[in-house]
Amino acid sequence: MMEIVVASSNKGKVAEIIAALADLPVKVLALGDIGGVPEAVEDGLTFEANALLKATHYSAFLGKPCLADDSGLEVDALHGEPGVYSARYSGEAATDSSNNAKLLSELAAVCPQSRTARFRCVLAYISPEGITLTAEGSCEGLILDEPRGESGFGYDPLFYLPSLGKTLAELDLAGKNTVSHRGQALRNMAQKLARCLDENRRDQ
Ligand code: ITT
């Protein structure tokens, strides 16, 4: 069975990606299962550039098909910040809670209806044979003034979905994948990968 490496060291992302690809006839590995892989330098200016850069780096190093995710939060009142810098918003030693604290302090003077934001996700798949696929998704919401919920990761406890009356951290993994930026990108990517696998099978 073909192997695909989920090229991310973010455990929250990896769990969501593995769950969403469960129906594909492929063996999905995580970077953590392999070990000793040097980290990619993420110096792209867009989610797409960073996703392609990570998939290229890990696929070249491992000689295996790799699926990378670059994602982040765009807050309208902050002119799209933190964007591609979401993981390190509060500095090099950032944690989810220090990033959330910084976001709350930046938005302290912003009223509830102006706290609109979206998560974006770009996935990139690159195989050593030279196949490149990309897929994207986005999810609109509002930034609360205090965290709610324990699930998920990152900014999930502050990201409120008015249509559900819940934050992303109040959904379980399957519920989050149904509505999230990553879930949407993964459904697009799974269709593209399934088509690719079919074509490969027909050519053999
Ligand atoms: P990899 O590069 O190893 O995949 P990373 O966490 O550094 O891991 P990114 O550079 O793409 O990945 O940064 C994404 C950040 O955006 C992530 O650390 C969170 O702070 C935030 N983020 C992305 N998707 C999210 C989600 O579904 N829920 C909450 N926060 C999310």
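As the structure lists them, so they are numbered: ligands from 1, and atoms in each ligand from 1. Here the structure is a predicted model, which is why all the values come from computation and not from measurement.
At the shortest separation from atom 30 (N) of ligand 1 among protein heavy atoms lies Tyr155 N, 3.2 Å. In terms of protein heavy atoms, atom 24 (N) of ligand 1 is closest to Arg182 NH2, 2.9 Å. Among all non-hydrogen protein atoms, the one lying nearest atom 22 (N) of ligand 1 is Phe119 CE2, 3.9 Å. In this structure, the protein non-hydrogen atom closest to atom 9 (P) of ligand 1 is Lys13 NZ, 3.5 Å. Remark: minimum distance from atom 28 (N) of ligand 1 to any protein heavy atom is reached at Asp156 OD1, 2.6 Å. Of the protein's non-hydrogen atoms, Ser86 CB, 3.3 Å is the one closest to atom 16 (O) of ligand 1. The protein atom (non-hydrogen) at minimum distance from atom 3 (O) of ligand 1 is Ser9 N, 2.8 Å. Among all protein heavy atoms, the one lying closest to atom 2 (O) of ligand 1 is Lys54 NZ, 2.7 Å.
Selection from Glu16, Arg120, Glu42, Lys176 by nearest heavy atom to atom 26 (C) of ligand 1 gives Lys176. Across the listed options Ser71, Ala87, Ala68, Ser71 owns the non-hydrogen atom lying nearest to atom 14 (C) of ligand 1.
Heavy-atom separations between Gly72 and ligand 1 include at least one value shorter than 4.0 Å. Residue-ligand proximity: Leu73 is placed with every non-hydrogen atom at 4.0 Å or more from ligand 1. A heavy-atom separation below 4.0 Å is found between His181 and ligand 1. Heavy-atom separations between Leu168 and ligand 1 are all 4.0 Å or longer.
Exactly one residue among Ser59, Pro128, Cys196 makes a side chain to side chain contact (heavy atoms under 4.5 Å, CB included) with Pro65. That residue is Pro128. Screening Asn10, Val6, Ile17, Val14 for a side chain to side chain contact (heavy atoms under 4.5 Å, CB included) with Asp69, the sole residue that qualifies is Ile17.
Atom CD of Gln113 has more than 12 neighbouring heavy atoms from other residues, nucleotides or ligands inside a 6.0 Å radius. By the neighbour-count criterion of 12 heavy atoms within 6.0 Å, atom CG of Asp33 is densely surrounded, having more than that number from other residues, nucleotides or ligands.
Ligand 1 has no N or O atom lying under 3.5 Å from any N or O atom of Arg88, backbone or side chain. Of the N or O atoms in Asn10, one or more lie within a sub-3.5 Å distance of an N or O in ligand 1.
Using a cutoff of 4.0 Å between basic side-chain nitrogens and carboxylate oxygens, Asp70 and Arg120 are not scored as salt-bridged. Salt-bridge formation is detected for the pair Asp156/Lys176: a Lys NZ or Arg NE/NH1/NH2 atom is positioned less than 4.0 Å from an Asp or Glu carboxylate oxygen.
Contacts between Tyr89 and ligand 1 below 4.0 angstrom, taking non-hydrogen atoms only, are absent altogether.
Side-chain contact between Tyr125 and Ile131 is present, with heavy atoms from C-beta onward closer than 4.5 Å.
The aromatic rings of His181 and Phe119 lie parallel to each other, with less than 30° between the two planes, well short of the 60° mark.
Between the side chains of Thr46 and Glu48, no donor-acceptor pair is found at a separation under 3.5 Å.
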